[in-house]
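Each remark here refers to the structure printed beneath this line.
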Amino acid sequence: MKITILAVGKIKEGYLRDGIAEFTKRLKPYCSLTVIEVAEEKMPEAPSAAEVRQTLDKEGDKLLPLLKEGVFAIVLDVVGKPLSSDALAGLLAEKALAGRSELAFVIGGAYGLSEKVRQRADLLLSFSALTFTHQMTRLLLVEQIYRAFKIWRGEKYHN
């Protein structure tokens with residue numbers, strides 16, 4: 001299975017980079033994981049709603065060409081559908097068995113994602129009603145993908 005994480009912005013904190021690197025390494029036997037980062041657009045200190053929309057549109061214009069046709073796009077969004085770890089494992093298994101072995105997870109920047117990106121989603125996924133930084137979300141995502149593969153394969157997670 002080929003999984004791509006498309007993300008707005010870079011990971012700035014070393015402890016997050018270390019955690020992401022650890023789970024990326026653990027995922028090697030299960031999938032090919034690629035992370036593609038697009039630059040976060042500059043935002044004024046106190047942006048208006050129009051400035052936020054404009055910024056999200058610019059970031060979306062960078063993300064959309066990276067979502068290849070035929071790729072199952074899972075967009076992380078606070079108003080998305082919540083899934084348990086078991087359900088995420090089931091989704092990965094279902095897509096693989098149906099021949100949809102290329103998935104892309106999309107993580108927006110500090111202000112989220114453009115409406116165009118959200119509309120491109122095959123699934124809007126919510127991790128929680130809580131708010132996480134987009135950088136923390138990336139760590140949580142790679143951990144959950146790893147957990148999903150372990151569940152799917154019936155392997156013990158804590159080793």
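Under the 4.5 Å side-chain contact rule for hydrophobic residues, V75 and V71 do not share a cluster. By the rule that hydrophobic residues join a cluster once side-chain heavy atoms approach within less than 4.5 Å of another member, L67 and L91 end up as members of separate clusters. At a threshold of 4.5 Å between side-chain heavy atoms, the hydrophobic network of Ile, Leu, Val, Met, Phe, Trp and Tyr places L33 and L76 in one connected group.
The shortest heavy-atom contact between A7 and R138 is CB-NH2, 3.5 Å. The two residues A89 and A148 make their nearest non-hydrogen contact at CB-O, 3.2 Å. Taking both residues in full, the closest heavy atoms of E51 and A46 are given as OE1-O, 4.3 Å, listed atom of the first, atom of the second, then distance. Nearest approach of G108 to H134, heavy atoms of both residues: O-CB, 3.1 Å. Heavy-atom minimum distance, P65 versus G60: CD-O, 4.5 Å.
Side-chain contact between I20 and L141 is absent, with no heavy atoms from C-beta onward closer than 4.5 Å. Between V8 and E37, the closest side-chain pair of non-hydrogen atoms is not below 4.5 Å. Between L113 and L56, every side-chain heavy-atom pair lies at or beyond the 4.5 Å cut-off. Within the 4.5 Å cutoff, no side-chain heavy atoms of Y111 are placed close to those of T55. Looking at I5 and I36, their side chains never come closer than 4.5 Å, going by heavy atoms from C-beta outward. F23 has its side chain out of reach of I145: every pair of non-hydrogen atoms, C-beta onward, lies at least 4.5 Å apart. For the pair T4/L103, no side-chain contact is recorded, criterion being any heavy-atom separation below 4.5 Å from C-beta on. C31 is not listed as a side-chain neighbour of K2, based on a closest heavy-atom distance of 4.5 Å or more.
Of the inter-residue distances, the one linking S32 atom OG with L27 atom CG reads 10.5 Å to the nearest 0.5 angstrom. To the nearest 0.5 angstrom, S48 atom OG is 7.5 Å from R53 atom CZ. One distance of note links CG of D77 with CD1 of I107; it measures 12.0 Å at 0.5 Å rounding. Rounding to the nearest 0.5 angstrom, the gap separating the CD1 atom in I151 from the CG atom in D86 is 4.5 Å. How far CD of Q135 is from NZ of K12: 5.5 Å, rounded to the nearest 0.5 Å.
Between R17 and E13 there is no salt bridge, since no side-chain nitrogen of the basic residue lies less than 4.0 Å from a carboxylate oxygen of the acidic one. A salt bridge does not link K62 to E59: none of the charged side-chain nitrogens sits closer than 4.0 Å to a carboxylate oxygen. For E115 and R120, the salt-bridge test fails: no basic side-chain N is under 4.0 Å from an acidic carboxylate O.
Aromatic ring pairs are classed by plane angle as parallel below 30°, tilted from 30° to 60° and perpendicular above 60°; the pair Y30 and Y146 is perpendicular.
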### Task
Start with the C-alpha gap between V79 and R118, add the side-chain angles, then the distance that decides, and say whether side-chain contact (heavy atoms from CB on, under 4.5 Å) holds.
CA-CA 11 Å; V79 298; R118 294 175 78 247; 3.1 Å; yes

### Message
Could you walk me through whether V106 and I74 satisfy the side-chain contact (heavy atoms from CB on, under 4.5 Å) test, starting with their C-alpha distance in whole Å, then the side-chain angles of each, then the deciding distance to 0.1 Å, before giving a yes or no?
### Response
CA-CA 6 Å; V106 183; I74 302 168; over 6 Å; no

### Task
Please step through side-chain contact (heavy atoms from CB on, under 4.5 Å) for the pair F105 and I3, ending with a clear verdict.
CA-CA 8 Å; F105 289 86; I3 296 177; 3.8 Å; yes

#### Entry: Test side-chain contact (heavy atoms from CB on, under 4.5 Å) applied to Q54 and E41, step by step
CA-CA 10 Å; Q54 206 170 35; E41 291 291 318; over 6 Å; no

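With sequence neighbours left out, the side-chain hydrogen bond (donor to acceptor under 3.5 Å, both in side chains) criterion links D57 to no other residue.
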Hey, can you pull the donor-acceptor pairs under 3.5 Å for the side chains in residues 92-102, sequence neighbours left out?
| unit_1 | atom_1 | unit_2 | atom_2 | d |
| --- | --- | --- | --- | --- |
| E102 | OE1 | K68 | NZ | 3.3 |

Enumerate donor-acceptor pairs with a distance under 3.5 Å from any side-chain N or O in residues 123-132 to protein atoms, sequence neighbours excluded.
| unit_1 | atom_1 | unit_2 | atom_2 | d |
| --- | --- | --- | --- | --- |
| S126 | OG | V78 | O | 3.3 |
| S126 | OG | S128 | N | 3.3 |
| S126 | OG | S128 | O | 3.2 |
| S128 | OG | L130 | N | 2.8 |

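For the pairing with K150, the side chain to side chain contact (heavy atoms under 4.5 Å, CB included) check across E155, R26, K156 returns one residue only, E155.
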